[in-house]
Every structure is written in C-alpha cells, then in structure tokens.
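Note that the structure is predicted; figures quoted are calculated from it, not measured.
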Amino acid sequence: MFRNQYDTDVTTWSPAGRLFQVEYAMEAVKQGSAAIGLRSKTHVVLGCVNKANSELSSHQKKIFEVDDHIGVAIAGLTADGRVLSRYMRNECINYSFTYESPLPVGRLVVQLADKAQVCTQRSWKRPYGVGLLVAGLDESGAHLYYNCPSGNYFEYQAFAIGSRSQAAKTYLERRFENFTDSLRDDLVKDAIMAIRETLQGETLKSSICTIAVVGAGEPFHVLDQGTVQQIIDTFETAAEQEDPATEPDAATGQEAAAEQGTAADHGGSTDEGAAPMDI
C-alpha cells in the first residue's frame with residue numbers, strides 16, 4: 001500500500017532526506033490536465049486544456065481571475081486551486097483597500113508560497129495538490145511565476161505543467177528567445193500551438209482549450225471561443241496551403257520511379273517473385 005515506512009506523515013523525513021508526501025502532491029500536479037504560460041515585456045498569456053470526466057459532463061474551470069492585473073492557471077486538484085485562488089483574491093482586495101494601489105505580483109507569489117509551505121510542516125495538514133501558474137503585470141513589468149506544492153516558486157519566461165506538458169516545454173524551449181519582443185497576438189498563437197503539442201494527435205478545438213491574456217492597457221480576461229477558433233482555423237488554413245506545395249515534388253519522384261521501372265522491364269528479365277528495389 002505504501003512505498004515505505006516514511007511516507008505515512010508529511011513531517012517524517014526519510015534517511016535520504018526526502019518528504020514523500022510532498023513528492024506525492026507534486027505528482028498530483030503531473031496528473032492534472034496541462035496548463036501553459038508565456039510572457040513578453042508587456043503581456044502574459046495563460047492557456048489550459050479542458051478535460052471532462054465523461055461525455056455527459058462539462059469540464060472544470062482551470063483559469064481564474066484574481067484581480068484586474070493578475071490571473072492564475074492551475075494543474076492538479078481543482079478544489080485546492082479554487083481555495084488558493086480565493087485566498088489570492090482576498091489578499092489583493094485587502095492590499096488595495098489599505099494602500100489604494102494594486103498588489104505587486106511578486107509579493108503575492110511569496111505569500112502564496114508561504115501558505116503552501118506551512119502545509120509541509122504540520123502533521124495535521126496535507127500539502128496542496130495543485131500547481132499554479134501566476135500571470136501578472138505591475139510597475140516592474142510582466143511576470144510569470146510557478147508555485148509548487150512544496151512551497152517553492154520560480155519565475156519563468158515560459159513554462160508548462162500538467163499531463164503531457166513535456167511536449168509543450170519542448171516547443172517553448174525552441175521559441176522562448178523570441179517571446180520577449182513578441183506582440184500580443186503572436187504570444188496567443190504560440191500559446192495555442194503549445195497546447196496543441198500536449199494533445200498528441202487529438203484535434204485541437206476551441207471547446208477543449210482556454211486562453212487568457214493580461215497586459216499593458218488590457219486587464220486580465222479570458223478570450224471567447226469564437227476568437228480562439230478563428231486563430232485555430234488560421235493555423236489549419238496555413239497548413240493546407242503548405243501541403244500542395246510539396247505535392248509536385250512527390251509527383252516528380254513518382255514519375256521518375258515509374259520511368260526506372262519501365263527501363264528495367266525493357267532492359268532484361270528479372271527473377272520471378274524477387275522483391276522490388278527500394279528507391
């Protein structure tokens with residue numbers, strides 16, 4: 001039932017210096033549906049895959065608005081994500097009421113990490129089984145953070161979490177150097193392309209993905225399905241235009257193969273049942 005005798009309590013260290021219950025919480029993040037984030041100097045884009053438990057049910061919300069300048073995308077246990085997003089909203093409201101200015105993104109991320117860390121040091125609590133990609137814009141620019149169930153947090157140019165996120169990471173690693181100076185629409189396109197990488201052959205539709213944007217002069221909001229579908233259709237149209245361009249080359253190769261075959265027939269007899277030559 002258990003991996004060993006050291007994983008029954010979150011406060012019990014193993015001889016190797018590991019907290020297995022925290023590692024199990026991090027594994028829960030890997031089992032959740034994929035979420036991605038990428039940022040430029042002025043904008044941050046979040047995206048996630050919407051997965052329903054069955055064909056008869058709707059999907060659960062994976063992107064939450066925290067404030068006009070902050071939003072989060074989650075992967076893992078959705079219930080924990082809702083609780084943490086509500087906590088973040090309360091912190092933003094309290095700060096705005098007290099100081100009459102928006103809460104800096106970095107300060108909110110630190111508070112969230114401290115809250116997650118407490119759950120790794122109390123025997124009567126359990127770690128939050130959710131990872132959060134926090135996107136925000138403040139006086140210092142655009143930010144994208146990842147908050148881990150262990151209480152750690154990291155700032156990224158682009159990142160992906162959740163199930164089959166490695167394919168999205170590979171795509172983002174190839175493109176991230178261009179993100180800093182990218183326009184808002186280009187970031188949205190790259191976000192959709194990264195989500196498509198996580199589907200592994202499944203058809204990408206606006207109904208199975210959600211895209212949200214926050215940036216300079218643009219409060220955090222989720223793009224409607226019609227806009228997302230238009231971008232997806234643009235990709236498909238461009239792909240269809242590229243395919244015919246490769247067909248003449250293929251036809252030329254087939255004609256050359258046919259001519260070689262005819263020359264062989266006229267040139268001499270071949271053994272019956274022999275395998276054709278690979279071209």
(request) Ignoring hydrogens and angles, state whether a donor on the side chain of D138 or H143 is under 3.5 Å from an acceptor on the partner side chain. (result) yes
Report the distance from atom [atom1] of [X] to atom [atom2] of [Y], rounding to the nearest 0.5 Å.
X    : Y    : atom1 : atom2 : answer
Q5   : T12  : CD    : OG1   : 9.5 Å
Q21  : C119 : CD    : SG    : 12.5 Å
L223 : L46  : CG    : CG    : 10.5 Å
S182 : K189 : OG    : NZ    : 11.0 Å
S207 : H59  : OG    : NE2   : 9.0 Å
K61  : C48  : NZ    : SG    : 10.5 Å

(message) Using salt bridge (charged side-chain N to carboxylate O under 4.0 Å, His left out), reason through R126 and D80 one step at a time and then give a plain yes or no.
(response) CA-CA 11 Å; R126 65 162 178 81; D80 286 0; 2.9 Å; yes
(request) Going by the side-chain contact (heavy atoms from CB on, under 4.5 Å) test, name the single residue among L172, I195, L38, D185 that passes it with D190. (result) L38
(request) Report yes or no: do I232 and I211 belong to one cluster of Ile/Leu/Val/Met/Phe/Trp/Tyr joined by side chain heavy-atom distances under 4.5 Å? (result) yes
(request) Would you mind checking if K169 and E197 are paired as a salt bridge, meaning a charged N to carboxylate O distance below 4.0 Å? (result) no
(message) Tell me whether R89 is salt-bridged to D67, with the criterion being a basic N under 4.0 Å from an acidic carboxylate O.
(response) no
(request) Please state whether the rings of Y146 and F154 are parallel, tilted or perpendicular, taking 30° and 60° as the class boundaries. (result) parallel
(request) Under the side chain to side chain contact (heavy atoms under 4.5 Å, CB included) rule, collect the residues that match up with T11, sequence neighbours excluded. (result) D9, S123
(message) Test question: given the 4.5 Å side-chain rule for I, L, V, M, F, W and Y, name all other residues clustered with V134, or answer none.
(response) F64, V66, I70, V72, I74, L84, Y87, M88, Y95, Y99, L103, V105, L108, V109, V110, L112, Y128, V130, L132, Y145, Y153
(request) Evaluate the criterion salt bridge (charged side-chain N to carboxylate O under 4.0 Å, His left out) for residue pair K51 and E202; output intermediate values, then yes/no. (result) CA-CA 12 Å; K51 289 292 185 181; E202 186 178 350; 3.0 Å; yes
